[in-house]
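Following: one structure in C-alpha cells, then a few remarks.
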Amino acid sequence: LQEAQILKRVVRNRLEENDLKACRILFNRLSEIKGGHVDLHKLVKYGIGFHHAGLLPTERKLVENFYRKGALKVICCTTTLSAGINMPARVVILKDFKRFVTSGCNIQDFTGFFENGDGFSYFKPFSPNEVFQMLGRAGRPGLDSVGYGFVLVNDVQERMWVEDHFFQGFSLNEKLLPRYNELQSGLNNVNTLKEQVLLRIFEDPEISIPSLVKFFERTYFWFLVSKKRSSKWKIPIEQLLMIQQILPRNLLKLHANPRRLQQLKKGNLKTSISGITKSSIQGYVKTQYGVFTCSLDIDTGIQCSCGFQNGMSDKFASQEFAFEFCDHISVFLLRLLNEPNEKFQKFVNDLVPKTIKNQYILTYLIEKGLVKPTTDNKLKCSQFGKLVIRLYLYPTSGVLIRHKLERDNLSSYRSILKAAYEVVKSEGRARGDKMLEPILDWADEEPLETIMERHKVMAGDLYSIKDNLSRIVSFFGIVAQHISISGLDVKDRMNSIAELSETLRIRLHYGIREELFDLVLRLDNVGRVRARTLYDAGYHTSDAVRRENPYVLSRRTGLGVNLCKSIVKNQTRKKNIDT
Ligand SMILES: [Zn+2]
C-alpha cells in the first residue's frame with residue numbers, strides 16, 4: 001500500500017484516455033464490494049493496485065483481470081501473487097531480498113542467516129530459487145520479447161551480497177547468470193504444474209488436450225528441458241508433463257538418480273516375477289540384504305517391502321522434477337522392460353503407467369473434480385476448480401482441505417488448526433510438528449518471548465507459520481461454505497466449521513482470544529498486548545473505551561496519556577481486519 005501511494009501520481013500521468021476509462025470501471029466495480037478495501041478502490045483510479053492475501057477473492061480477481069487487460073499498469077504485491085498464478089509482467093521489481101531481519105539473540109540456529117553489518121542484527125534472504133521464480137514473471141509470452149527483473153538494494157555492500165549469492169560470474173562484464181543452472185521455471189514442481197494446467201483450462205474455455213500440450217510447448221520450462229536433454233533422454237512433452245500416460249521406459253528416463261540406474265543395470269541382482277493379474281504384477285528382487293517384494297498394482301500403486309515411498313519426487317526446495325524409486329523397484333522395472341515377449345511388453349506398457357495414476361496432472365484434476373471433460377473433447381473447470389484458482393491454492397491443497405472437511409471431525413479450534421497445519425506441511429512451508437504448540441500458545445495470548453523461550457523457536461519462523469496458517473484456515477472456512485451449498489445433510493456442519501474458521505483466523509492473525517476481538521478490531525493503535533491491558537482494567541468493549549476520558553483511561557490502564565488520546569480519538573474508523 002505504501003509503495004502504491006508513492007507511485008500513484010507517476011503512474012497516473014502516463015495513463016491514456018481509455019486507460020482512465022477502464023480504471024473508472026474498476027473503481028466502480030470495487031466500490032460495490034461489501035467490506036472491500038477502502039484504499040484499494042481509491043488507488044485504482046491512478047492505474048495502480050495492490051494485491052495481498054488479505055484482499056477478498058473478488059477484489060483480487062478484479063485486480064488481476066484489469067492488470068491483464070492492461071488497465072492497471074502497476075501492481076504492488078506480496079509473494080502470494082508471484083508464487084501462485086500466471087501473471088506475467090514486463091518488469092518485476094523485488095523491493096527487498098531480505099525475507100526478514102531479526103536480532104542475533106533471537107536466533108538459535110544460524111544456518112541460513114547473514115550478518116546485517118550493524119554488529120547485532122541478522123537477516124534471512126530469499127533463496128535463489130525464490131528470487132528467480134519471482135523475477136521470472138518478467139516477460140510476457142507472446143507480448144514482450146524481453147522482460148526485466150530488478151532487485152533493489154540500499155548500498156554497495158548489499159549489491160555485492162546480491163551478486164555473490166544470487167548470481168555467478170563477474171559483475172565487471174555486466175553479465176550475471178542466475179546461480180542455479182538447474183532452475184527450470186516454477187513448472188518444475190508437480191504442485192505448480194497441476195496449478196498451471198488447471199489455470200490454463202480455467203482461462204481458455206475452448207481448450208482441448210492437444211491445445212493444452214501446445215501451450216506448454218511454448219513455455220520456458222520446455223525450452224530448457226528440451227535443450228538440456230540429449231536425444232537419448234528425450235521424451236514427449238505430454239508424457240514429461242504427466243498430462244498423458246507415460247511409458248515405463250520414459251519413467252526410468254526421469255529417474256532422480258540416473259547414475260544409480262546405470263549401476264543397477266550392470267549389477268546382477270536376481271529378479272523373478274511371481275504373479276500377474278489383469279490389474280497387477282508382483283515379483284521378488286534378491287539383494288545382499290535380503291529378498292524384497294515388489295508390486296505394481298492399479299489400485300494400490302507401486303509398493304516395495306523395503307517401505308520406500310516410490311513415485312514422483314516432490315521436493316519443494318530442490319525443485320526436482322523426477323521419479324524416485326528404490327533400487328528394488330528400479331531393478332524390477334528394468335527386468336519388466338527387458339522381457340522379449342511382445343505381448344508381455346504391451347501389457348507392461350499398459351499396466352505400469354496406471355499404477356502411478358494419481359501422479360498424472362489431468363487424471364488427478366479430473367478425478368478430484370476440478371476439471372470436467374466435455375462430450376466434444378474439451379476441458380472445463382468445475383465450480384470447485386474455479387474456487388481453487390480464485391483462492392490461489394495449489395490444487396493439491398484445495399483437494400486436501402476438502403478431504404479433511406468431509407472426513408475429519410473438525411469441531412474445535414484445535415482440530416481445524418491441526419488440519420490446516422497438515423496442509424501447510426504438504427505445501428512444504430513447514431517441516432515437522434514443531435510449530436504447532438507455539439502457534440496454539442500464540443492464539444492463547446502467550447507473550448512472544450515466553451513462546452520463543454519455551455519452545456526454542458524464532459520469532460520470524462513463528463510469524464511466517466502464523467501467516468500461512470491463517471491463510472489456510474480462512475480457506476477451510478471458504479471451502480466449507482462451498483460444500484455447504486452442495487447438500488442439506490452437510491449444511492449445518494459446514495456452516496459451523498466456517499464460523500469456527502473465521503474466528504480462528506482472527507485469533508491467529510492477532511494472537512488474541514475472542515474476548516479481545518472487539519477491542520483489537522475496532523480500536524486503532526491497539527494490538528494484543530494493549531487490548532489485554534484495557535480488558536483487564538475493565539474495558540471490555542470498544543464502546544467502553546470510546547466513552548472514557550483519555551486521562552482516566554491512562555490512569556486506570558497505565559498506558560501513556562498521548563496514546564490514550566489517540567486510541568479514544570481514532571476509534572470511529574473501523575479497521576480493516578485483513579491489513
Ligand atoms: Zn524397495
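Both ligands and their constituent atoms are indexed starting at 1 by order of listing.
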**Request:** Could you count the protein N, O or S atoms found under 2.8 Å away from the Zn ion (ligand 1)?
**Result:** 4
**Request:** Please check if any side-chain donor atom of Arg259 sits under 3.5 Å from a side-chain acceptor atom of Gln262, or the reverse.
**Result:** no
**Message:** Is there a side-chain contact between Ile472 and Leu393 in this structure, where contact means two heavy atoms from C-beta onward sitting under 4.5 Å apart?
**Reply:** yes
**Asked** Would you call the rings of Phe325 and Phe323 parallel, tilted or perpendicular, where under 30° means parallel and over 60° means perpendicular?
**Response** parallel
**Item:** Test item: Lys456 side-chain N/O and Glu453 main-chain N/O as donor-acceptor pair under 3.5 Å
**Value:** yes
**Prompt:** Of all heavy-atom pairs between Phe347 and Ile281, which one has the smallest distance, and what is that distance?
**Reply:** CE2-CD1, 4.2 Å
**Glu339/Lys346 ion pair, N-O < 4.0 Å** = no
